[in-house]
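Report on the following structure.
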Amino acid sequence: MTTLAGRTIAALRSEHDGLAGLVPSLSDDQLTGSSGSADWTIADVLSHLGSGAEITLAGFRAAIGEAGTPGPDFNQSVWDRWNALSPPEQATGSIASDQALVTSLESVPEDRHEDLRVRTFLPEPVPFASFAALRLSEVAQHTWDVRVGLDPAATLAEGSTKVLAEHLTGGLGFLLGFVGQPKEAPEHAVVEISGTPYRIVIDESVRFTTDTLPATATFTGSLESALRLLYGRLTPAHTPAGTEVTGNITLDDLRSVFPGF
């Protein structure tokens, strides 16, 4: 598929297949071990992904007319049910739940990718590509949370990194407005990501852009590392050697601007 929605769904499929190949091999001790998400075990992360897939699928099915709109207590009932599962059940269930969601997204014909709108927590329905990207934004980071709990050198998947970067300069840019803390920056900054067309702009708000603005600082490192920075996952313990920021803002300043979620 060549549409943005299609490439986003392909990234979701790749993330799913990777976890589906990994999760069955995890021991109980690994499932209850630490993940890359503060205070969450690997099983907790998988439960979050599984319950999120179930909730997302219910909303999507309602949007395309396959089911009624979930009631006001639906989300909480899903979380309660998943929280009551054992770690192995959460792990197994997360793969099945995500498979159902990805399969449903894949079933949308490409000729509907541009016109389909889906209602979310936002005031207005969003384009199908943005709807899929909201899920990818969760999946890519939380898959990293799982993998880094097993391998400290884990990175975001290359395909997800490229697609998410594209979305963050467009329809998904509002997310940075939710998570960014521009007041934590010592001054306004335009941080170029070395070797890419991307820049992080910090003024009264924060944004990720390909606008050719004059840079005041340079992030030297991979685009993958820059994406993890935006999501609060470029901690000192998980920062590749050679990654640095020069100019009117420091890497520690940027970590404060993007504390994560």
Side-chain angles (χ1 to χ4, degrees), residues 15 18-19 22 26 29-46 48-49 136-165 167-169 172-173 175-196 198-203 205-209 215-261:
E15 294 280 9
L19 274 184
L22 171 66
L26 300 182
D29 285 345
Q30 287 174 315
L31 288 173
T32 55
S34 298
S35 74
S37 187
D39 301 324
W40 276 8
T41 66
I42 287 177
D44 290 334
V45 174
L46 292 171
H48 178 74
L49 286 173
L136 181 62
S137 182
E138 284 272 319
V139 168
Q141 304 302 324
H142 287 311
T143 296
W144 180 84
D145 290 335
V146 170
R147 292 188 179 280
V148 82
L150 306 169
D151 174 11
T155 59
L156 297 178
E158 181 179 1
S160 295
T161 295
K162 290 180 178 179
V163 174
L164 275 179
H167 278 289
L168 287 170
T169 65
L172 218 62
L175 282 180
L176 298 184
F178 288 162
V179 302
Q181 305 292 327
K183 292 182 180 179
E184 295 297 324
E187 58 183 303
H188 294 182
V190 178
V191 186
E192 62 180 356
I193 311 302
S194 61
T196 81
Y198 296 107
R199 284 167 166 74
I200 302 169
V201 180
I202 305 167
D203 41 39
S205 60
V206 296
R207 64 187 186 276
F208 196 59
T209 183
T216 65
T218 299
F219 178 98
T220 301
S222 66
L223 179 60
E224 182 273 338
S225 294
L227 262 289
R228 280 197 287 117
L229 170 68
L230 297 179
Y231 283 86
R233 284 167 168 77
L234 194 68
T235 61
H238 300 115
T239 299
T243 303
E244 61 178 3
V245 176
T246 55
N248 73 330
I249 196 167
T250 69
L251 181 53
D252 281 339
D253 289 333
L254 289 171
R255 289 181 176 128
S256 296
V257 172
F258 299 103
F261 56 90

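What you see is a predicted model, and the numbers here were worked out from it, not measured in a lab.
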Within the structure provided, determine whether Pro236 and Arg255 are in side-chain contact (heavy-atom separation under 4.5 Å). yes
Working note: Asp253 + Ser256, criterion side-chain hydrogen bond (donor to acceptor under 3.5 Å, both in side chains); need CA distance, chi angles, decisive distance, verdict. CA-CA 5 Å; Asp253 289 333; Ser256 296; 5.8 Å; no
Considering all heavy atoms, the nearest Ser194-Gly221 contact: OG-N, 3.4 Å
Parallel, tilted or perpendicular, as decided by the 30° and 60° cut-offs, for the rings of Phe208 and Tyr198: parallel
Aromatic contact between Phe258 and Tyr231, with the criterion being ring centroids under 6.0 Å apart: yes or no? no
Please check this pair: side chain of Thr143 against backbone of Val139, looking for a donor-acceptor N/O pair closer than 3.5 Å. yes
Minimum side-chain heavy-atom gap Ser137-Leu164 below 4.5 Å: yes
Looking only at heavy atoms, the pair that brings Pro152 and His238 closest together is O-CD2, 3.3 Å
Non-hydrogen side-chain atoms of His142 and His48 separated by less than 4.5 Å: yes
Rounded at 0.5 Å granularity, tell me how far CG in Leu234 sits from CG in Leu254. 9.5 Å
Show your reasoning for whether side-chain hydrogen bond (donor to acceptor under 3.5 Å, both in side chains) applies to Thr216 and Arg199. CA-CA 10 Å; Thr216 65; Arg199 284 167 166 74; over 6 Å; no
Any Ile200 side-chain heavy atom under 4.5 Å of Val206 side chain: no
Is there a side-chain hydrogen bond (donor to acceptor under 3.5 Å, both in side chains) between Thr218 and Glu192? Walk through the geometry before answering. CA-CA 5 Å; Thr218 299; Glu192 62 180 356; 2.7 Å; yes
With the side chain counted from C-beta on, respond yes when Val190 and Asp203 share a heavy-atom pair under 4.5 Å apart, and no when they do not. no
Considering all heavy atoms of both residues, which atom of Leu156 and which atom of Ala140 are nearest to each other, and what is their separation? CD2-O, 3.5 Å
Can you tell if the side chain of Leu19 reaches within under 4.5 Å of the side chain of Leu49, non-hydrogen atoms only? yes
Can you check whether Ile42 reaches Thr32 side chain to side chain, under 4.5 Å on heavy atoms? no
Donor-acceptor pair, side chain of Thr196 and main chain of Ile193, under 3.5 angstrom: yes
Glu224 and Glu158, any side-chain heavy atoms less than 4.5 Å apart: no
Main-chain N/O of Ser34 paired to Trp40 side chain as donor or acceptor, under 3.5 Å: no
Going through the distances and angles, do His188 and Asn248 end up as a side chain to side chain contact (heavy atoms under 4.5 Å, CB included)? CA-CA 9 Å; His188 294 182; Asn248 73 330; 6.0 Å; no
